[in-house]
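See structure below.
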Amino acid sequence: MKRKWWHGKTAYQIYPKSFCDSNGDGIGDLRGVIGKLDYLQELGVEIVWLSPVYCSPLADQGYDISDYYNIDPRFGTMADMDELIAEGKRRGISIVMDLVVNHCSDEHEWFRKACEDPDGYYGQFFYIRDWHEGEKLPCNWRSYFGGPCWDLLPGHTDKIYFHAFHKKQPDLNWENPELRREVYKMINWWLDKGLGGFRIDAIINIKKLLPFQDFPADRDDGLCAIRRMLEKAEGVNVFLREMAEETFRRYDAFSVGEVFDEKTGDLPLIIGDDGYFSSMFDFAEHVLARDPRGWYAWRCPTAEEYKAACFGAQARSAGVGFLSNIIENHDEPRGVSHYLPEGEHSETAKKMLGGLNFMLRGLPFLYQGQEIGMENTVFTDIAQVDDINTLDEYRVARRAGLTDAEALAAVAPFSRDNARTPVQWDGGPGAGFTTGTPWLPLNPNYTRINLAEQRGRADSVYHFYRALIALRRSETYAETVVYGETLPYRPEQENLMAYYRKGERTLLVAGNFQKEAQDMPLPGPVKAVLLNNLQELKQEGDLVHLEGFQFLVLEV
Ligand code: GLC
Ligand code: CA
């Protein structure tokens, strides 16, 4: 495998709206991010991905962009963005932006012009079809946020347009070379500014199965999951290769794809030495225990399911490239609430989960607040929910016969708002996030869980993450932590997740994924204990006695 400049780094995702508010309007902003760069440096991260800060009506919190070349005034100015890039660079931090080009906003100039003249130049930037009241739609795909993928083109009664996500997110027509040229021009404009690269949103969706066609309905709404078409659509690779050649490669930029549902065997094309992207997220754990009926039928994965999914992904990417490993992001519940057994949210357990994920081969991404063990929030009323995805799933649950209270309880654990509550910087009013009223209510536990408290306490979750990052960068172990092979250790031992990282040295990473203690036989003598989330290591001969949720990194 070719070595890349970003391999040994640790990445961190910022969801700007909820990160830090510098002017008291309750919305996080770029000046807030700039003010925290020293903090990020102290933590040890070297790549920062910013969720979208472009001009946007925020129908999907910025994933609906109305101007790719400007910063939304709520987040700041272009001067702030330039300063962020420069100040990041001074601290060895590359800034990565979100690239949302499967769709734009219905308030983007392209779409407005397409509405004015559907047969004109910009009409070809979208999927627009003739349609008359009472007629069948071109296909029965269900949009990700509910309802059909088709809506009336604004200003028309006989034309419709396609949207895979919300109706305020019309899909861009990648079949049109003029559109692709516009996209590449925009990417290069940002890279010319010194941007480190991009996280690429929902990218598999850019290739549609054409002509549009129906699939058997999978719910009583007569629609089918849009994923059905992704399984059949061929040719996304042609677009991805072209984009890589026209943009990222020319700059040696970092790129990480949000890739779901890629075709088996495509991994080397996507993240191999000369892949379309530097990396892509490993979502194998995140899609566990889902149910096509809707969130109301989902559950949280077990430790054994989690372990198997991680090991599967490690095996698939071995010798191919680097997956990006996460326990959470802005679309997911908080990892500690999702993967740890119910009610087991001790700092010990949080460190174990974080450590097990962080030490996998690949590029570790932390999501804001993960480093202090932020948890899912509490909802007592659906009116407290902002996220359009949750609101849709709530309706799905109600239609399936659940009461209001049952529907809320069923969807709350999976709500994207869980990750979007403001970062808990301290225990004072506004949690140090804002001096005003936060746009989304704080998680009430901020008085207990916050950075200020953890920074001053050596055994906190925060300092544990710092130690993980320091190990990844350490002179002695970096080579093994970054490039070592992952080999499962005693995978059959229930609720023990253990693996070797073998390279220059041999490390054994082990987590007791349950509250009960259990013993783990050692493969040989312990040369050094590199990390332990508890005070003690109870060893008797070649057995280690692991306490509940104990986590170890040993050199063996
Ligand atoms: C991605 C984003 C998500 C957004 C969607 C549509 O999945 O992560 O937040 O809603 O794409 O852009
Ligand atoms: Ca603000």
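Order of listing sets the numbers, starting from 1, for every ligand and every atom in it.
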Among all the protein's non-hydrogen atoms, which is closest to [atom], and how far away is it?
atom                    : result
atom 1 (C) of ligand 1  : Asp201 OD1, 2.7 Å
atom 7 (O) of ligand 1  : Glu258 OE2, 2.7 Å
atom 5 (C) of ligand 1  : Phe165 CE2, 3.7 Å
atom 8 (O) of ligand 1  : Asp331 OD2, 2.4 Å
atom 10 (O) of ligand 1 : Asp60 OD2, 2.5 Å

**Message:** Is any side-chain heavy atom of Val48 closer than 4.5 Å to one of Val96?
**Reply:** no
**Message:** So Phe281 and Leu323, do their side chains get closer than 4.5 Å, heavy atoms only?
**Reply:** no
Considering the heavy atoms of [X], write down every atom of ligand 1 situated less than 4.0 Å from one of them.
X      : result
Phe145 : 10 (O)
Arg416 : 3 (C), 4 (C), 9 (O), 10 (O)
His103 : 6 (C), 12 (O)
His330 : 2 (C), 3 (C), 8 (O), 9 (O)
Arg199 : 2 (C), 8 (O)

**Request:** Could you count the protein N, O or S atoms found under 3.0 Å away from the Ca ion (ligand 2)?
**Result:** 5
**Asked** Would you call the rings of Tyr69 and Trp189 parallel, tilted or perpendicular if under 30° counts as parallel and over 60° as perpendicular?
**Response** perpendicular
**Prompt:** Any idea how Tyr127 and Phe162 line up, ring-wise: parallel (<30°), tilted (30 to 60°), or perpendicular (>60°)?
**Reply:**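 Ring orientation, 0 to 90° scale: perpendicular.
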**Asked** Where do Cys115 and Pro118 come nearest, in terms of heavy atoms and distance?
**Response**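 Smallest interatomic distance, heavy atoms only, reads O-CD, 3.7 Å.
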**Asked** Crowded around Glu109 CD? As in, over 12 foreign heavy atoms under 6.0 Å?
**Response**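 No, because the 6.0 Å sphere around CD of Glu109 holds 12 heavy atoms or fewer from other groups.
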**Message:** Please enumerate all residues that pass side-chain hydrogen bond (donor to acceptor under 3.5 Å, both in side chains) together with Arg31, with sequence neighbours excluded.
**Reply:**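 Arg31 satisfies side-chain hydrogen bond (donor to acceptor under 3.5 Å, both in side chains) with Asp80, Glu83 only.
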**Phe260, portion touching ligand 1 at heavy-atom distance under 4.0 Å** =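 No part of Phe260 is near ligand 1 at this cut-off.
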**Asked** What part of Glu332, side chain from CB on, backbone N/CA/C/O, both or neither, has a heavy atom under 4.0 Å from ligand 1?
**Response**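 It is neither part, as no heavy atom is under 4.0 Å.
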**Item:** salt bridge (Lys or Arg N to Asp or Glu O under 4.0 Å) between Asp106 and Lys168, intermediate numbers included
**Value:** CA-CA 5 Å; Asp106 65 340; Lys168 283 185 71 64; 2.9 Å; yes
**Asked** Of Phe111, Trp110, Tyr161, which meets ring-ring contact (aromatic ring centres under 6.0 Å, His included) against Phe125?
**Response**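 Of the listed options, the one satisfying the test is Trp110.
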**Message:** Can you tell me which residue among Leu195, Val33, Ile14, Ile47 is in a side-chain contact (heavy atoms from CB on, under 4.5 Å) with Ile95?
**Reply:**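 Result: among Leu195, Val33, Ile14, Ile47, Leu195 is the only option passing the side-chain contact (heavy atoms from CB on, under 4.5 Å) with Ile95.
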**Prompt:** Relative to Trp174, does Lys207 satisfy both conditions: NZ or CZ under 6.0 angstrom from the six-membered ring centre, and within 45 degrees of the ring's axis?
**Reply:**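 Not flagged: Lys207 not positioned over aromatic ring of Trp174.
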**Straight-line distance of Tyr144 OH to Phe260 CZ, nearest 0.5 Å** = 8.5 Å
